[in-house]
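Since the model is a prediction, treat every value here as computed from it, not as a measurement. Count residues from 1 along the sequence.
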Amino acid sequence: MIYLDNSATTPVEREVADKIYDMLTVKFGNPSSFHKAGLDSNAEVRSARSRLAGALSCEEEEIIFTSGGTEANNLAVFGAAIANRRRGKRIVTTEIEHESVLEAVNELEKQGFEVIRLSPDSDGNISPEAIENAVNSETILVSMMYINNEVGSVLPVEAAARAIKKAGAPALVHIDCVQAFGKIPVKPKKLGADLLTVTAHKIHGPKGVGALYIKKGVRIVPRQFGGAQERKLRPGTEASPLIAGFGKAVELIPDLKIQQEKIRELNLYAKERLTAIEGVKLNSGENASDYIINLYIPTFMTSQTVVQHFSSRYGICISSGSACAKGKKSHVLTAMRLSDKIIEHSVRISFSRFNTKEEIDALAEAIKETAENYPGR
């Protein structure tokens, strides 16, 4: 199998799986218990928190573990909006956010909040000027992703804090870094983030665990209620095996500069091979993350059918868009104002540090054969 859908999820590294197995079978205690089994489990949770805090250059107490990126995004968006609703009603976001942010702000809009959704250009970019124009003195939250999960556009998230300061707004800045963490440097303080989301399964860790950075001094309200775990913001017994696996995945992140050089070379090679095929067009812009390429394939098959065809015939895994969308028409490509023909026949390929040029060659041959045998030009 050739796996080129790493923006959906990544394969778990063996050392991560071994750590999880050890936690399930040896250090299986409840991390809130005070006997040896509990203390051993708690020590692993604390170690993972320390590793993640180190990677983000923040303090350990600023890390709240969650069940993943969706829960972290919901906690950030709802928690910030409800905590600050007496100070204003405006929320600024973009049309190309992950569903966990889009659906959250849709619900808040029903509750009386004003939601400003910034539109991207044809490459999926949002301008700093658009952010500045959208933020006013009534703004209480700006929520944006750092790297778009479908086309890879890199959003100017640092502009949010500048716009808030200029407008004299009481807003908090939430940055969804699910597609950025482990690939490019992610430092909340440098980005101007009050809240920041990361998750494990995009960095070769397990599914079912993520984290929300909450800047010291920032107040948000919880969405769940129960025990005292995670500062009462995410109560319930910690998923210590998954958290420990997350910590191990963070530990295994290689030097980002070296990794970026490899991915950049792979990205350029892929674009050269793929655009040489008649009719293939790139949807990802020049400034897009090197980890993601969104492209149009000239065939009468829809993108979902192409994904299934590539998997069954060639053993190649790619995507028709966000896995969370469950096959729905891409809201990102729609927001970019691309034609229905382009949207219906576009796919995403996304890399990890384990992909190779040989895999790109196999993909290129599959696309070429598919376009030639199933013409749709």
Side-chain angles (χ1 to χ4, degrees), residues 3-17 19-20 47-58 60 62-73 76 98 100 144-150 152-155 157 174-191 193 195-213 242-267 288-293 319 322-324 348-356:
Y3 188 76
L4 293 166
D5 192 20
N6 291 279
S7 286
T9 197
T10 52
V12 173
E13 288 210 61
R14 182 56 184 266
E15 289 181 61
V16 173
K19 169 61 74 173
I20 295 171
S47 176
R49 199 186 309 274
S50 177
R51 285 200 182 100
L52 182 54
L56 294 174
S57 297
C58 69
E60 293 177 28
E62 295 178 306
I63 299 295
I64 299 296
F65 286 115
T66 68
S67 65
T70 289
E71 185 185 359
N73 281 345
H98 187 267
S100 58
M144 299 175 62
M145 53 174 40
Y146 198 172
I147 293 177
N148 181 263
N149 56 313
E150 290 196 36
S153 51
V154 182
L155 304 192
V157 291
H174 167 239
I175 305 176
D176 177 352
C177 289
V178 163
Q179 296 293 344
F181 180 63
K183 300 169 184 176
I184 60 176
V186 172
K187 310 295 180 185
K189 291 178 174 62
K190 185 175 181 181
L191 296 175
L195 305 158
L196 186 145
T197 299
V198 296
T199 198
H201 75 106
K202 310 295 187 181
I203 60 165
H204 306 283
K207 301 167 189 65
V209 62
L212 178 66
Y213 159 85
L242 301 180
I243 291 171
F246 192 0
K248 175 58 72 170
V250 172
E251 180 185 346
L252 295 175
I253 294 173
D255 182 286
L256 291 184
K257 184 176 181 180
I258 295 174
Q259 179 179 260
Q260 178 62 32
E261 290 174 355
K262 175 190 173 181
I263 297 297
R264 179 61 174 168
E265 182 179 349
L266 191 67
N267 176 281
S289 165
D290 291 327
Y291 286 82
I292 297 173
I293 299 177
S319 172
S322 170
C324 294
R348 177 190 69 187
I349 61 174
S350 47
F351 308 120
S352 82
R353 59 182 180 265
F354 299 115
N355 289 124
T356 66

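- Residues Ser350 and Asp5 form a side-chain contact, since some pair of their non-hydrogen atoms from C-beta on lies under 4.5 Å apart.
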Legend entry - Asn6/Asn355 under side chain to side chain donor-acceptor pair (under 3.5 Å): CA gap, chis, key distance, verdict: CA-CA 10 Å; Asn6 291 279; Asn355 289 124; 3.2 Å; yes

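- The minimum heavy-atom distance between Cys177 and Leu191, with the atom names listed, is SG-CD1, 4.4 Å.
- Thr10 contributes a side-chain N or O that, together with a main-chain N or O of His204, makes up a donor-acceptor pair within less than 3.5 Å.
- Checked by atom type and distance alone, the side chain of Lys207 never pairs as donor or acceptor with a backbone atom of Ala200 at under 3.5 Å.
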Legend entry - Working for salt bridge (charged side-chain N to carboxylate O under 4.0 Å, His left out), residues Lys19 and Glu251: CA-CA 12 Å; Lys19 169 61 74 173; Glu251 180 185 346; over 6 Å; no

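- Note that OG of Ser352 and CG of Leu4 are 8.5 Å apart. Values are rounded to the nearest 0.5 Å.
- Residues Tyr213 and Leu52 fail the side-chain proximity criterion, which asks for heavy atoms closer than 4.5 Å.
- Rounding to the nearest 0.5 Å places OG1 of Thr199 at 4.5 Å from NE2 of His201.
- The residue from Leu196, Leu155, Val157 that alone fulfils the side chain to side chain contact (heavy atoms under 4.5 Å, CB included) condition with Tyr146 is Val157.
- Scanning all heavy atoms of the two residues, the minimum distance from Ala76 to Leu195 falls at O-CD1, 3.9 Å.
- Here CG of Leu242 is found 6.0 Å from CD1 of Ile20. Values are rounded to the nearest 0.5 Å.
- The OG1 atom of Thr70 sits 9.0 Å away from the CG atom of Asp176 when rounded to the nearest 0.5 Å.
- Side-chain contact check for Met145 versus Gln179: every heavy-atom pair is 4.5 Å or farther apart.
- Shortest non-hydrogen contact noted between Val12 and Ala17 is CG1-N, 3.8 Å.
- For Thr197, the side-chain hydrogen bond (donor to acceptor under 3.5 Å, both in side chains) criterion is met by Asn73, His174, not counting sequence neighbours.
- Ile203 is not listed as a side-chain neighbour of Val198, based on a closest heavy-atom distance of 4.5 Å or more.
- For Lys202 (side chain) and Ser7 (main-chain N/O), a donor-acceptor pair under 3.5 Å exists by modelled atom type.
- Under 4.0 Å is where a charged nitrogen must lie from a carboxylate oxygen, and between Lys262 and Glu265 no such pair does.
- Between Leu56 and Phe181 there is a side-chain heavy-atom pair separated by less than 4.5 Å.
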Legend entry - Chi angles and distances behind the side-chain contact (heavy atoms from CB on, under 4.5 Å) call for Ile147, Ile184: CA-CA 10 Å; Ile147 293 177; Ile184 60 176; 3.8 Å; yes

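- The residue from Lys183, Gln259, Arg264 that alone fulfils the side-chain hydrogen bond (donor to acceptor under 3.5 Å, both in side chains) condition with Tyr291 is Gln259.
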Inset, instruction - Kindly indicate, with the supporting measurements, whether the criterion side-chain contact (heavy atoms from CB on, under 4.5 Å) is fulfilled by His98 and Val178. - result: CA-CA 10 Å; His98 187 267; Val178 163; over 6 Å; no

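- Between Arg49 and Glu60 the shortest heavy-atom distance is CD-O, 3.2 Å.
- The shortest heavy-atom contact between Gly245 and Pro206 is C-CD, 3.9 Å.
- Taking all atoms of both residues into account, the shortest heavy-atom contact from Ala211 to Ala72 is O-CB, 3.8 Å.
- Taken from CD in Gln260 to CG in Asp290, the straight-line distance is 5.0 Å, to the nearest 0.5 Å.
- With hydrogens and angles disregarded, no donor-acceptor distance shorter than 3.5 Å links the side chain of Thr66 to the backbone of Val209.
- Expressed to the nearest 0.5 Å, how far CD1 of Ile258 lies from CZ of Arg353 amounts to 12.5 Å.
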